[in-house]
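Everything numeric here is computed off the predicted structure, so don't read it as measured data.
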Amino acid sequence: DRVIIEKYIPDARHVEFQVLADHDGNTIHLNERECSIQRRHQKIVEEAPSPLLDETLRAEMGAAAVAAARAAGYTNAGTVEFIMDPATRDFYFIEMNTRLQVEHPVTELTTGLDLVHLQLHIAAGEPLAALGPGWGEVSPIRPFAHSPHGHAIECRLYAEDPAAGFLPAAGKLLKFVPPEGPGIRVDAGVVSGDMISTHYDPLLAKIIVHAPDRPAAIRRMQAALRETVALGVRTNLDFLQDVLAHPVFRAGEATTRFVQEHLDGWAPEMDLPLEVLTAAAMIEDLSWKDRKPVLKGSKSENQASGGHSPWEALEGFRIGERGDGQR
């Protein structure tokens with residue numbers, strides 16, 4: 001009897017707002033996250049704040065998110081998601097997720113808040129006002145008192161093959177080394193030696209960075225991805241690097257069609273066989289496993305390797321030749 005017609009926006013941006021609501025009906029938002037970088041309608045890269053929004057639009061969308069949560073009588077942490085037309089700057093409600101999202105760390109890093117702690121706080125029946133100044137009733141014209149600082153980006157490390165249509169990968173994760181350092185956070189669900197199955201979501205870890213501004217956050221994420229080691233199964237590490245390096249993404253102009261428009265038919269620049277990478281990782285691990293620390297340049301340095309390393313031996317080594325110059 002009825003037909004529901006939805007407006008089609010070909011070049012859309014995906015922007016969502018984190019909300020909090022207590023049992024007294026006090027509802028606030030903690031600003032937005034942009035999740036436009038997607039494949040198969042699933043998010044790959046998320047960031048906060050959105051490079052598209054200004055203060056006026058942020059206030060308007062935040063007020064709409066708060067109104068939606070109040071209309072539903074919602075309590076606790078949730079996310080109100082919108083599709084946005086960058087040409088007209090009009091936005092449209094998609095859905096509300098009544099839980100914490102995978103990408104909630106970018107909100108935590110830009111607000112300094114622990115959303116899991118806040119969930120438990122509200123679930124215990126305590127009002128937002130109990131958290132201190134700025135946590136009471138927030139009107140559309142008086143935004144959240146704790147202003148966001150800096151810029152945060154999250155990349156989802158998946159066990160999948162981007163060159164084969166993002167097909168999930170399976171096998172033993174022989175070596176997994178997450179990045180470390182200032183401004184880097186890793187939420188991982190795997191360790192070296194785990195079996196990766198196609199029966200579950202291929203998400204291995206979330207790599208999140210925070211920096212004073214967006215360009216610095218992009219550089220920090222690129223460095224973090226370079227330091228990440230995940231061998232034994234195919235991953236999207238190289239693909240993520242190409243997303244971050246793309247001029248459209250760096251300009252903050254990527255839409256939900258970014259992957260199909262700019263990285264369709266993507267393939268890694270140097271696609272070494274997985275067996276080669278795995279063997280190299282295993283040899284490196286075995287060769288260093290039982291070594292004792294030695295001083296650089298000492299006589300024991302070459303002895304520590306059993307005298308077999310051409311890089312530590314002083315014998316005029318040349319590829320394809322013996323030390324005396326003969327082949």
Side-chain angles (χ1 to χ4, degrees), residues 6-16 32-54 57 81-92 94 101-103 105-106 151-169 179 201-209 211 213-228 230 233-272:
E6 295 185 350
K7 186 178 182 65
Y8 175 65
I9 304 172
D11 295 309
R13 302 283 286 263
H14 188 144
V15 179
E16 61 190 30
E32 83 282 357
R33 301 184 287 258
E34 177 154 354
C35 315
S36 296
I37 305 298
Q38 305 176 3
R39 52 92 173 102
R40 298 201 308 268
H41 304 292
Q42 292 182 321
K43 303 164 185 175
I44 307 173
V45 180
E46 302 99 348
E47 59 183 312
S50 166
L52 178 65
L53 271 60
D54 55 25
L57 189 55
E81 304 197 21
F82 299 99
I83 279 290
M84 184 175 179
D85 187 341
T88 64
R89 300 179 72 81
D90 293 328
F91 58 92
Y92 307 88
I94 308 175
Q101 302 271 91
V102 173
E103 59 272 20
V106 296
H151 199 94
I153 300 176
E154 174 180 291
C155 285
R156 302 191 187 192
L157 178 62
Y158 284 111
E160 64 183 15
D161 188 354
F166 300 96
L167 287 176
D201 189 277
L203 181 63
L204 301 178
K206 303 181 296 183
I207 301 172
I208 315 104
V209 301
D213 53 44
R214 189 172 187 266
I218 292 175
R219 293 192 299 269
R220 179 162 287 173
M221 179 60 80
Q222 289 175 312
L225 293 177
R226 284 194 298 268
E227 296 175 6
T228 303
V233 295
R234 292 282 182 186
T235 71
N236 64 336
L237 265 175
D238 290 339
F239 181 81
L240 290 171
Q241 286 283 27
D242 285 352
V243 170
L244 295 172
H246 199 283
V248 172
F249 175 80
R250 298 179 78 89
E253 299 174 350
T255 70
T256 55
R257 294 170 57 87
F258 170 82
V259 171
Q260 64 192 86
E261 288 183 348
H262 301 286
L263 295 176
D264 186 41
W266 177 89
E269 290 186 5
M270 183 178 66
D271 191 16
L272 289 175

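For the pair Phe91 and Val15, the minimum side-chain heavy-atom distance is 4.5 Å or more. Using a 4.5 Å heavy-atom cutoff, the side chains of Ile44 and Val243 are not in contact. No side-chain heavy atom of Leu225 sits under 4.5 Å from any side-chain heavy atom of Pro179. In this structure, Phe166 and Asp161 have side chains that are not in contact, with every pair of non-hydrogen atoms separated by 4.5 Å or more. Contact annotation: the side chain of Asp90 never approaches that of Met84 to less than 4.5 Å [non-hydrogen atoms, C-beta and beyond]. Counting heavy atoms from C-beta on, the side chains of Ile218 and Arg250 come closer than 4.5 Å. Asp85 places none of its side-chain heavy atoms less than 4.5 Å from the side chain of Asp11. Two residues are said to be in side-chain contact when any heavy atoms from C-beta on lie closer than 4.5 Å; Leu237 and Thr228 meet this criterion.
Rounded to the nearest 0.5 angstrom, Arg219 CZ and Gln222 CD are separated by 9.0 Å. Once rounded to the nearest 0.5 Å, the distance linking OG of Ser36 with CD of Glu253 reads 12.0 Å. Atom CG of Leu52 sits about 11.0 Å away from atom OG1 of Thr255, to the nearest 0.5 Å. Taking CD of Gln241 as the start and CE of Met221 as the end, the distance is 9.5 Å to the nearest 0.5 Å. A distance of 5.0 Å separates CG in Leu240 from SG in Cys155, rounded to the nearest 0.5 Å. Note that CD1 of Ile9 and OG1 of Thr256 are 9.0 Å apart. Values are rounded to the nearest 0.5 Å.
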| task | Apply ring-ring contact (aromatic ring centres under 6.0 Å, His included) to the pair Tyr158 and Phe239, showing each step before the final yes or no. | result | CA-CA 10 Å; Tyr158 284 111; Phe239 181 81; over 10 Å; no
| request: Any chance you could lay out the side-chain contact (heavy atoms from CB on, under 4.5 Å) test for Ile37 and Phe249, step after step, and finish with the verdict? | output: CA-CA 9 Å; Ile37 305 298; Phe249 175 80; 4.0 Å; yes
| query | So Glu103 and Lys206, salt bridge (Lys or Arg N to Asp or Glu O under 4.0 Å) or not? Walk me through it. | reply | CA-CA 8 Å; Glu103 59 272 20; Lys206 303 181 296 183; over 6 Å; no
| message | Please determine whether side-chain contact (heavy atoms from CB on, under 4.5 Å) holds for the pair His151 and Asp213, giving the CA-CA distance in whole Å, both sets of side-chain angles, and the decisive distance to 0.1 Å. | response | CA-CA 5 Å; His151 199 94; Asp213 53 44; 5.5 Å; no
| After noting the C-alpha distance and the side-chain angles of Arg156 and Glu46, does the key distance pass the salt bridge (Lys or Arg N to Asp or Glu O under 4.0 Å) rule? | CA-CA 9 Å; Arg156 302 191 187 192; Glu46 302 99 348; 2.7 Å; yes
| query | How far apart are the C-alpha atoms of Val259 and Trp266, what are their side-chain angles, what is the distance that settles it, and do they pass the side-chain contact (heavy atoms from CB on, under 4.5 Å) test? | reply | CA-CA 9 Å; Val259 171; Trp266 177 89; over 6 Å; no
| task | Check step by step if side-chain contact (heavy atoms from CB on, under 4.5 Å) holds for Phe258 and His246. | result | CA-CA 10 Å; Phe258 170 82; His246 199 283; 3.8 Å; yes
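Minimum interatomic distance between Pro49 and Glu32 (heavy atoms only, all atoms of both residues): CB-OE2, 3.1 Å. Across Glu34 and Pro51, no two heavy atoms sit closer than the pair OE1-CD, 3.5 Å. Leu203 approaches Asp201 most closely through the heavy-atom pair N-OD1, 2.8 Å. Between Ala267 and Ala163, the closest heavy-atom pair is CA-CB, 4.3 Å. Across all non-hydrogen atoms, the minimal contact from Ala217 to Ala211 is N-CB, 3.4 Å.
In this structure a side-chain-to-backbone donor-acceptor pair under 3.5 Å is missing from Glu154 to Val106. Judged by distance alone, with hydrogens and angles left aside, the side-chain atoms of Asn236 form no donor-acceptor pair with the main-chain N or O of Leu157 at under 3.5 Å.
With 3.5 Å as the limit, one finds a donor-acceptor pair spanning the side chains of His14 and Gln38.
A salt bridge links Glu160 with Arg39: the distance from a Lys NZ or Arg NE/NH1/NH2 to an Asp or Glu carboxylate oxygen falls below 4.0 Å. With respect to Glu47 and Arg33, no salt bridge is recorded, no charged nitrogen being found less than 4.0 Å from a carboxylate O. The existence of a salt bridge linking Lys43 and Glu16 is confirmed by a sub-4.0 Å separation between a basic side-chain nitrogen and an acidic carboxylate oxygen.
Annotation: cation-pi geometry not satisfied between Arg89 and Phe82 (NZ/CZ under 6.0 angstrom from ring centroid, within 45° of ring axis).
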